Each structure stands twice: as structure tokens, then as C-alpha cells.
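Working notes, beginning with the structure itself.
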Number of protein chains: 4
Amino acid sequence: METAVVPTREDAPPRREDARIVRSREALRAALLDLVERHPLDTITIRDITDAANVGYATFYRHFPTKAALLDDLAAAQIRRLIGLSMDTQQSGTIDSRASCRAIVSYVDQHRALWRALLTGGAAATIREEIIQISREVALEYRRPGSAIPDDLAFRFVASAMVETLAWWLEQGNLSVERGAELLDRLVISPVVRPVP
Amino acid sequence: METAVVPTREDAPPRREDARIVRSREALRAALLDLVERHPLDTITIRDITDAANVGYATFYRHFPTKAALLDDLAAAQIRRLIGLSMDTQQSGTIDSRASCRAIVSYVDQHRALWRALLTGGAAATIREEIIQISREVALEYRRPGSAIPDDLAFRFVASAMVETLAWWLEQGNLSVERGAELLDRLVISPVVRPVP
Amino acid sequence: METAVVPTREDAPPRREDARIVRSREALRAALLDLVERHPLDTITIRDITDAANVGYATFYRHFPTKAALLDDLAAAQIRRLIGLSMDTQQSGTIDSRASCRAIVSYVDQHRALWRALLTGGAAATIREEIIQISREVALEYRRPGSAIPDDLAFRFVASAMVETLAWWLEQGNLSVERGAELLDRLVISPVVRPVP
Amino acid sequence: METAVVPTREDAPPRREDARIVRSREALRAALLDLVERHPLDTITIRDITDAANVGYATFYRHFPTKAALLDDLAAAQIRRLIGLSMDTQQSGTIDSRASCRAIVSYVDQHRALWRALLTGGAAATIREEIIQISREVALEYRRPGSAIPDDLAFRFVASAMVETLAWWLEQGNLSVERGAELLDRLVISPVVRPVP
DNA sequence: CTCTAATCGAGACGGTACGTCGCGTCTTACG
DNA sequence: CGTAAGACGCGACGTACCGTCTCGATTAGAG
């Protein structure tokens, strides 16, 4: 979870990464991150990104096929960390959904600029998809007993509701982490885990 | 809805609707509806729409400023009806959320093609916004006592969760209306209306 | 011969040409002509041409598929006129090659800038091809008795030798038309028409 | 030809050629020769050449500054030999243009693949220039009395006409060497050497 | 036969131009 | 004389090569 995953498939040869490759990729990530905080995602052109990254235009395509792919790459790491954190609160077998929510909101709180960028400004749809995808992966490990909600739906619901709730919480700007966790718990988690009445 | 005029000239008198205008507009609506069922929204070009509508390219802009505007136009009517239906179950002062949900799912069920088109294929984001917007309007009439969830958040949550749940339900293809209503009630409505424990 | 030929195929509908089309095409032709006088052909970019023509970049491709196509379009008209002139000296059945050459050199002399542009600066290869092509067409009308040189070779030889000779003559700058005609006659025409000794 | 050194460093001592250098260079020459027989010169990329030569991309630039430079390198030797052969027929003071032509066509005939590659496929322009250049050099040795045609023009004319005629002869495929020599003599040589009538 | 420096392969990189596409505006010719 | 048809300016896209460059890994040839 902690180990940064090499984004592009490098399965066959475990060759060391050329330093230039790492540098370019990192520059592109940083550039998009920087830009998406200040502009709506779909007004950002590839050229904007490469200019901000001080990188040749074509170099973008040497690393990412698409603007969305770069965003995915950025988002996936963050989301993976986010989900990891929330999972880490569940160590002792007990399930404490409020603690998970607190961990999530707290992490988002500590990276407001980043997450504001990710959750507003047109990237939300991508993030939703990313969350669904990663949740699915994570769920394979932390297997829980079947619930009243079909898994597919649960993933989609949780991702959607969480994105919406966190976005709203960020936009308020002055709400406590605890309040955010409470809303998250109530709107996102409990509808899924609460036993049928 | 009634006031639609040629967008670029709105100082003109509120003349009665030219038959041709109605025809063009209807053709465009139908064309987009038809296309959005088979292609992701953002791969549909204005020219695709005008070709499918058998209408001149520029004619599009005489009626709608934007592809999104046409979609809004399409969606707004549907959503208004959807929300109206769910509200109508509440006439007698009592609140029966399950009945509302049943009404919603039932209506969607009767217009599967349309709603599948609206809820999948990239238009979902627009629809979400539309639902939020219209909910807000409707809420002004059917005023309810304050809940534990702030109104702004509630609208966003409901819209998001409803879109996601209905989309999932439609994609399954073989689930009963009752099952859809149950999930909708549980995931979307009850988290908002349920009193704090 | 005198009637300007519409460059792009318009066979089926004899519609009148949209004024904008004519304007754009003419602007592009003029721009390339202007540029090719001052820069080697292959350093001239499409953007250079469209900028010089005060025309959008994409507009180029709405009229010509290729830089070479535009050049052909330019050259064909000129060459057609050139060949036409030289043919016109042959009216009375007699063949006076010197008169033909005089007509050619004289015409080139009167449009030095244009022909210098066409014959030097990298366009020469295109011109050669164009001359071969048009000669072939013209030859179908003004049929002459078979010569000692196969037709295909004759066309290629005449085109090549004429281009080379005229280019050289133009580069000298101060040679009389008569001298040019003499050289043209000697190097280009007489080798082909002179009877076998 | 003998003086070939690493192009980018020519101040170094005239060390013996590293075997690897010779190998790479030869591979590049062979590759271009092979490619130019089957593709127009300007569609052949540097990468095409290096791939065909089984040589690293950058290695090309370690030996030749330009695609044209490699072609020149190839062509110059051939042309030098061609011209040399034709000169060698003139040793005894007499001038026998037909014999010269026969020598030229015969040599071309014995290296059809090579010359077809050089004279067709877009390289012809380069070859023409090369011939002019080398002719000029050779002419300094075998000095002849002034003719009716200015030297500069003569060189250009001969190069152009010879390229065209030989290309045509090669394309026919089944013409005798004698026929080729006859045409070459008539079209290329005699127009230049024939006395004014 | 070693060791050192030249040469190599691999390919990333900054550029520049390409040709395509869709947008939204504006002109035109036609009915 | 109004409307459809569509040409146009604009600008982003993704691709292709160019010529330069950085990297290790051979490998030739001098000692």
C-alpha cells in the first residue's frame, strides 16, 4: 500500500527506470496537480500541462496516452492511500465505521488543496470511477460477510456518495472534521452496513 | 420552457411559436435522444445531431447555445415529471417514502430506453445537476421541517445516490420494480429522512 | 486553352462557385507564389502559406490536399499557357522551332519572378512532371509524325532539358531573349526533331 | 573517398579506422541502397535506415550529418567511376562520343539495381547535382576547347539530360545497350558538341 | 592479455510541422 | 427576403521525424 506503484506496465523486464523518465513523469504529475487546483479540468490542455512541467509537448504522450490517464495516475495513489487509512482503523476485528470516516475526512482535511482539485472541477467523475475500481480490489482482501446490498451497487453507491459528501464538506470550508465524519458515516457507510430493519 | 426564442435575439417581441421552430426543436431533441442511447454523450458532435435531425448545422445554434443545453432541455422535462410523481404520493400529509420510491422506479421502468440513455453514457453528470436544480425548486413548494442534513448537501446526495442507484438498477435489467424501490428507499431516502439515533 | 480551369473536380453539379471559395483559393495561390519567390519550397510550411494568405490553417486543407497540390495548381495554368503560346506559332502548317522557342523564352522573360520561383527553389521537379503531363495532353491534339525518339522519352527529355535551360537562362539575368531561344532550340528542340543523319 | 573520418571531429590525427566504424558505415550505405530501391527517397526515414542497418539510431549521426550526405557518399563513388569510364575511351586524342556513351550505358547496365535506385525514386535530383559537381572537377583536367554552349549550362544540361535518358532506358528494361548509347549520344552529347550549322 | 578509451545500442528528450476534428460565427446562394 | 447549407477562423489533438543528448555495455587495439 505504501510502495509507490510504477504506473505503466513493466512486467517483463525489471529494468531500472531511466532517471529522465522518472523526472518527466513526476514533473507532469506535479504540473497537472498544480493546474487542476486553479482551473476546471477540461479547460486544461495538454500543452498547458507540458508547459507547466517544462517538458516537451510530445513527451506527454511518451508517458501517458491521455489527460485522463495522467489524472488517474495521480488520483489512484491518493485514493489508495485514503482507502488504506480507513482500512487501518479496523485492525482489531471490530468494525468502527465512525473511526474510518474520521480517518478519511481527516486525511482529506490535511490535503484540502489536492482534494478540492480532485473532487471539484470536472475530475469528480474520474475519481468516482477510480474509487470504485480500487474499492473492488481492496474488498478482495478485506472480505466481509455479504450484506443486503449487492456488491456492485454498494461500490458505486459508496463512491458516488462519498465524493459528493466530501466535495460538499470541502466547499463549506469551516466544518469540523468530526461533523464531516458524522455525515459521511450517516450518508455513505451506514446505509450500506446497517442491517435490514 | 414556453419562452424559448431564438437565442441570439431575445429583444424581439414574444411572438407565437413559428411552426418551423417547433419542428426543428423537436427534431433536435429526438435526434439527441436517439443518439445518446447508442453513443457516449461526448462523442456525439453537433453535426451528428443536426444530421440525424435532418436540419442544417447552424440551425442547432438558433435553438440551443450548447449541446448540454439541448440535453438539459430534454432532461428537465423528464426529471420534473419524475419528481412530480414522487411528490404526488405524499398528498395526504403522511410521508410514505417507499411509495415515492415505487413511483419513481416504476416511471423509470416505463421509459427504460430514455432513462438508460440519460443515466449512462456520460450524460449522468448533467442529469445529476439537473436533479439538484429541480429538487431545489420543488423543495420551495413542498416545504418540510429541517432535517439533520443540511439542505444543500441533501440535494446533492439524493441526486447523486439516486442517479447511481437507478443506473445500476437499469443495468441489471431483470430486477423487479419493488426491489429497485427498496434499494432506493434504503440508500437514498432513508439516510436523509431517518432521525438521528 | 485560355479559359481558366477550375482546379478541383466539380464534374457533377455545375453549381456556381461560392465567392468565399474563390477568394480563399486565390489568396492561397497568391501567397505561395509570393513565398516561393523568396524561400526554397520545402522550407515553406503550410502555416506560412495560410498566414501569408490571411486564411485559417485548416482552410488550406479545405481546398488543397497538399502543398504540392497547390503548387501543381499554380504551375499547371502557367505551363498550359506557355505551351499554348509555343503551339500558336505553328499555325500555317510549317514548323518553325525557333519561333516557338522565342515565344517561350519571351513569355518567361515577361514573368521572370514567377518563373524564377517555379524553376528554382525546389519546385523544379514538380514543374518537370507538370510539363511532361501537359505535353502529353497537348500532343494528343497536335499529332506529329513519329520521330526517331520514343514519345515517352521525348517528353521527359524535353521537360528536363527545357527546365534546366530556362533556369540557367534566368539565372544569368542579362542574356537576350534571342540567345535564350537559340540555346533552347539547339539543346531541347533540335535533338528531338532533327532527322537522323 | 579515402579521407573519410569521423565527421564531427576532424581535427583528430588521421588514425587508422576502427573496425567498428567501417562496419557501421558500410551497413548504413548498404541499408540506404537497399531501401532506395523500393521506396521513394523522401519517405525513407533515418530510423528506417538504422533499423535496416541493424545499427543504433544515433549511430547514423556519428557518421553522416544528413540523409542526403549518406546518399552523396554512395553516389559520388559511382558517378566518379561512370565519368571516369567514359573519359577513358578518349585517350588517343580522338573524340568518339558514341564510344563514351556505350561505356556509360554498359556500366549502368551492369549495375542496374543500383542505378535504378539512384535514378528513380526521388534521388535523381541529388544525383543530378552530384554529376554536375563531379563533371566540373573532371573538366578541369580534360580541358577541351570552348564550345558554342557556356560551360555552366553545358554541365547542367548534360547532367539533367543524361539522368533522364538513363532513367528512361532503365525503366524500359529490355532495350539494348547500343540503343541506349545511341539515344544518349543523340540527346545528350551531340547537342553540346555539334558545331553550329 | 589486459586495460582503457572509443564506439556502440538503446532510446528519452525538446522541437516543429503535420493533417484532422469539432466548435461557434458568419456569409452566401437559393427557393 | 428568410433560411439551409456550409465555408470559415480558431485552436486542441495525437503522430511522426528530426537532431541532440544521456546512459551503460561492449569491444577493439595499444601497451
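The figures here come from the full heavy-atom set of this structure, side chains too, leaving out hydrogens, waters and symmetry mates. Since the model is a prediction, treat every value here as computed from it, not as a measurement. So you know, we letter chains A, B, ... as the sequences are listed, proteins then strands, and number each from 1.
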Using residues 32-42 of chain B as the side-chain source, report each donor-acceptor pair under 3.5 Å to any protein atom, sequence neighbours left out, with the distance given to one decimal.
from  : atom 1 : to    : atom 2 : distance (Å)
B:D34 : OD1    : B:R38 : NH1    : 3.0
B:D34 : OD2    : B:R38 : NH1    : 3.0
B:R38 : NH1    : B:D34 : O      : 3.4

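Residues meeting the side chain to side chain contact (heavy atoms under 4.5 Å, CB included) test with A:T59, sequence neighbours left out: A:S24, A:V55, A:R62, A:H63. Checked against side chain to side chain donor-acceptor pair (under 3.5 Å), A:D48 has the following partners two or more places apart in sequence or in another chain: A:T45. Taking the side chain to side chain contact (heavy atoms under 4.5 Å, CB included) definition, one finds that C:Y61 meets it with C:I46, C:Y57, sequence neighbours left out. The salt bridge (Lys or Arg N to Asp or Glu O under 4.0 Å) test applied to B:E129 returns no partner, not counting sequence neighbours. Among residues two or more places apart in sequence or in another chain, the salt bridge (Lys or Arg N to Asp or Glu O under 4.0 Å) test is passed with A:R20 by A:D18. The side chain to side chain donor-acceptor pair (under 3.5 Å) search around D:T66 returns none, not counting sequence neighbours.
No side-chain heavy atom of D:R47 sits less than 4.5 Å from a side-chain heavy atom of D:F60.
Distances shown here put every side-chain N or O of D:H63 at or beyond 4.0 Å from the OP1 or OP2 atom of E:dT7. Checking the phosphate oxygens (OP1, OP2) of E:dC13, no side-chain nitrogen or oxygen of A:R25 falls inside 4.0 Å. Phosphate proximity of E:dG14 to A:T59: present, with a side-chain N or O under 4.0 Å from OP1 or OP2.
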Protein-proximity profile, nucleotides 16-21 of chain E, B/S/- by nucleotide at the 4.0 Å heavy-atom cutoff, equals -SSBBB
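The overall bend of the helix from E:dC1-F:dG31 to E:dG31-F:dC1, read as the angle between its terminal helix axes built from five base pairs each, is 30° when rounded to 10 degrees.
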